Each structure stands twice: as C-alpha cells, then as structure tokens.
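This is a predicted model, so every value here is computed, not measured.
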Amino acid sequence: QALTTLLPRGAWNHSITCVSVAEGQAALEFAKESSEMFTLACNLNKPVRLNAGARANAWGPVRRATDATRYGWLAAPLLTRDGRNLGLIQLSQKLSGEFSPDDEAILVQLTHMASAAIDNVRLYREAQEQIAETRRAQEMLERGKESMQLAQQYVGIGIWEWDLQTGELAWSDEIRRLHGIEVEKFDGRYESWMESIVPEDRQQVHQSITDALASKSEYEVQYRVYMA
C-alpha cells in the first residue's frame with residue numbers, strides 16, 4: 001500500500017493525501033502529518049526503512065504502533081531541485097518479505113521523478129502568475145497614463161523627461177501640443193526643442209537649465225514658442 005502526502009507551498013496544515021491499495025484490501029493507518037515519524041522523515045530528507053515488528057532501532061522513541069509500522073514501513077521525501085520538501089511517499093504491507101535496499105532505491109527514483117514533475121508544475125504556475133501580474137501592472141500603468149493625459153489637458157500642463165546621458169527628451173502629448181509640435185514631427189532631441197523656442201528666448205532657457213544642473217536646484221523658466 002502507498003500513501004502520498006503533498007504539502008502545497010510547505011503548508012503542513014493544508015496537506016493533500018492520496019492512498020493507493022490493492023483491490024480488496026482495507027487501507028492501513030499511516031503516519032499522520034502531525035506525527036513525529038512523519039515530521040522526522042521529512043526533516044531528514046532521505047529515505048527511511050523499518051522492518052515489520054522491529055522496535056530496537058533509533059526510531060524507537062518516536063515510533064507509534066500504526067498498521068503501517070507493524071507491516072513494515074518505507075518512506076522517502078519529495079524534494080525539489082533546491083532541496084525544499086514537497087511531502088512524503090510512504091509504503092507498507094509488502095506482498096512478499098521485507099522492504100529491501102532495492103525497494104528503497106526504486107522508491108527514491110520514483111520520488112525524484114514525481115518531485116521534478118510537481119516542481120515543474122509549480123514553476124510554470126508561478127511564471128503564469130508573474131505574467132498575469134505584469135499584465136495587470138501594464139494595464140494599470142496604461143490607465144494611469146490616460147488619467148494623467150486627461151488631467152494635463154484639463155489644466156493645460158505637460159510632463160517631460162530629459163535623459164542627460166543621451167540627450168533624449170520624452171514629452172507627453174500635451175506638452176507637444178503646448179509647443180505647437182505634432183507627435184510624429186518631434187524627434188525627441190534637445191536641439192529640436194530649442195528650435196521651437198523664439199530665438200530671443202533661447203539663451204535664457206539654455207542658461208536656466210545650465211544653472212539648475214550646476215547647482216542641482218529646481219529649473220524654472222518662461223519662454224515663447226512658435227505656433228504653427
């Protein structure tokens with residue numbers, strides 16, 4: 001008989017259990033998630049093998065007289081690639097003889113295969129959740145941009161950013177409108193912005209920006225622009 005216990009996200013109090021028994025057999029009592037045997041088997045992160053009826057071993061102090069231990073017990077943890085515990089597979093009542101080292105090796109291989117499959121599903125789900133979260137964040141950002149554009153249009157202001165390393169300007173649609181420049185006709189260059197300013201005001205604007213950068217202070221200037 002086999003009992004597989006999964007611990008979603010490591011939550012010991014929200015386990016998922018699956019029992020497999022031969023036809024016509026009654027299910028045995030296995031070590032519960034709250035039992036010392038179950039906890040110890042998971043914490044050891046290695047297989048555990050007990051012979052039927054044997055009591056003179058290191059598990060004696062925590063071993064309880066469950067059906068599974070009376071009929072022999074073989075358990076192996078489900079481990080992720082990074083060593084996290086996903087649960088435990090327990091076997092008992094072998095049809096012939098005691099559980100052998102070969103049985104233990106086979107169970108370990110099965111747990112490795114099962115753990116990899118479970119971990120892949122978890123990683124896929126987390127990736128999907130991250131994609132969905134990114135999509136929600138992008139949607140919120142787009143809604144925020146729309147709200148900001150409406151607010152700018154309502155009060156007649158614009159927002160811009162200037163990359164001092166590349167010299168590239170990023171303008172909102174409203175600040176383009178205030179400068180009388182169509183969206184597709186502005187290349188985002190500092191020089192192009194200066195060309196939109198009335199020549200008599202250009203030196204004043206350039207000096208204000210230079211002073212603000214040198215003193216790391218706020219930039220404030222008034223200037224006139226050409227309106228097409």
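A salt bridge does not link Glu139 with Arg136: none of the charged nitrogens is closer than 4.0 Å to a carboxylate oxygen.
Here the straight-line distance linking atom CZ of Arg135 with atom CD of Gln128 works out to 8.0 Å at 0.5 Å rounding. Here the CD atom belonging to Gln203 is positioned 8.5 Å from the CE atom belonging to Met194, to the nearest 0.5 angstrom. Here the CZ atom belonging to Arg143 is positioned 12.0 Å from the CD atom belonging to Gln138, to the nearest 0.5 angstrom.
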From CA spacing to verdict: side-chain hydrogen bond (donor to acceptor under 3.5 Å, both in side chains), Ser100, Asp103: CA-CA 5 Å; Ser100 66; Asp103 297 327; 3.2 Å; yes

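Under the 4.5 Å side-chain criterion, counting only non-hydrogen atoms from C-beta, Trp193 is in contact with His179. The closest side-chain heavy-atom distance from Asp163 to Tyr190 is not below 4.5 Å. Side-chain contact between Glu200 and Arg224: present, with at least one pair of heavy atoms (C-beta onward) separated by less than 4.5 Å. Counting heavy atoms from C-beta outward, Leu107 and Ile89 have side chains that approach closer than 4.5 Å. In this structure the side chain of Asn85 reaches within 4.5 angstrom of the side chain of Leu79, judged on heavy atoms. For the pair Trp73 and Leu91, the minimum side-chain heavy-atom distance is 4.5 Å or more. Residues Leu88 and Thr111 fail the side-chain proximity criterion, which asks for heavy atoms closer than 4.5 Å.
Listed here is the closest heavy atom pair of Ser208 and Val221: OG-CG2, 3.5 Å. Heavy atoms only, all atoms of each residue included: Arg202 and Glu195 are closest at NH2-O, 3.1 Å. Closest approach of Ala212 to Tyr219, counting heavy atoms only: CB-CB, 3.8 Å. For the pair Val108 and Pro47, the tightest heavy-atom approach, listed with the atom from each and the gap, is CG2-CG, 3.7 Å. In plain terms, the two heavy atoms of Arg49 and Leu74 that are nearest each other are CB-CD1, 3.8 Å. Looking at every heavy atom in both residues, Leu86 comes nearest to Ser115 through CD1-O, 4.0 Å.
Tyr223 has its ring centre no less than 6.0 Å from the ring centre of His206.
If you chain together hydrophobic residues whose side chains sit under 4.5 Å apart, Ile209 and Leu164 fall into the same group. Note on Leu78: it does not cluster hydrophobically with Ile106, by side-chain heavy-atom contacts below 4.5 Å among ILVMFWY residues. In the hydrophobic clustering of ILVMFWY residues, with side-chain heavy atoms under 4.5 Å counting as a link, Leu110 and Val19 come out apart.
At most 12 non-hydrogen atoms from other residues, nucleotides or ligands lie less than 6.0 angstrom from CD of Glu220. With a 6.0 Å radius and a threshold of 12 heavy atoms from other residues, nucleotides or ligands, Glu191 has its CD atom above the threshold.
In this structure, the side chain of Ser196 does not engage the main chain of Val225 through any donor-acceptor pair within 3.5 Å.
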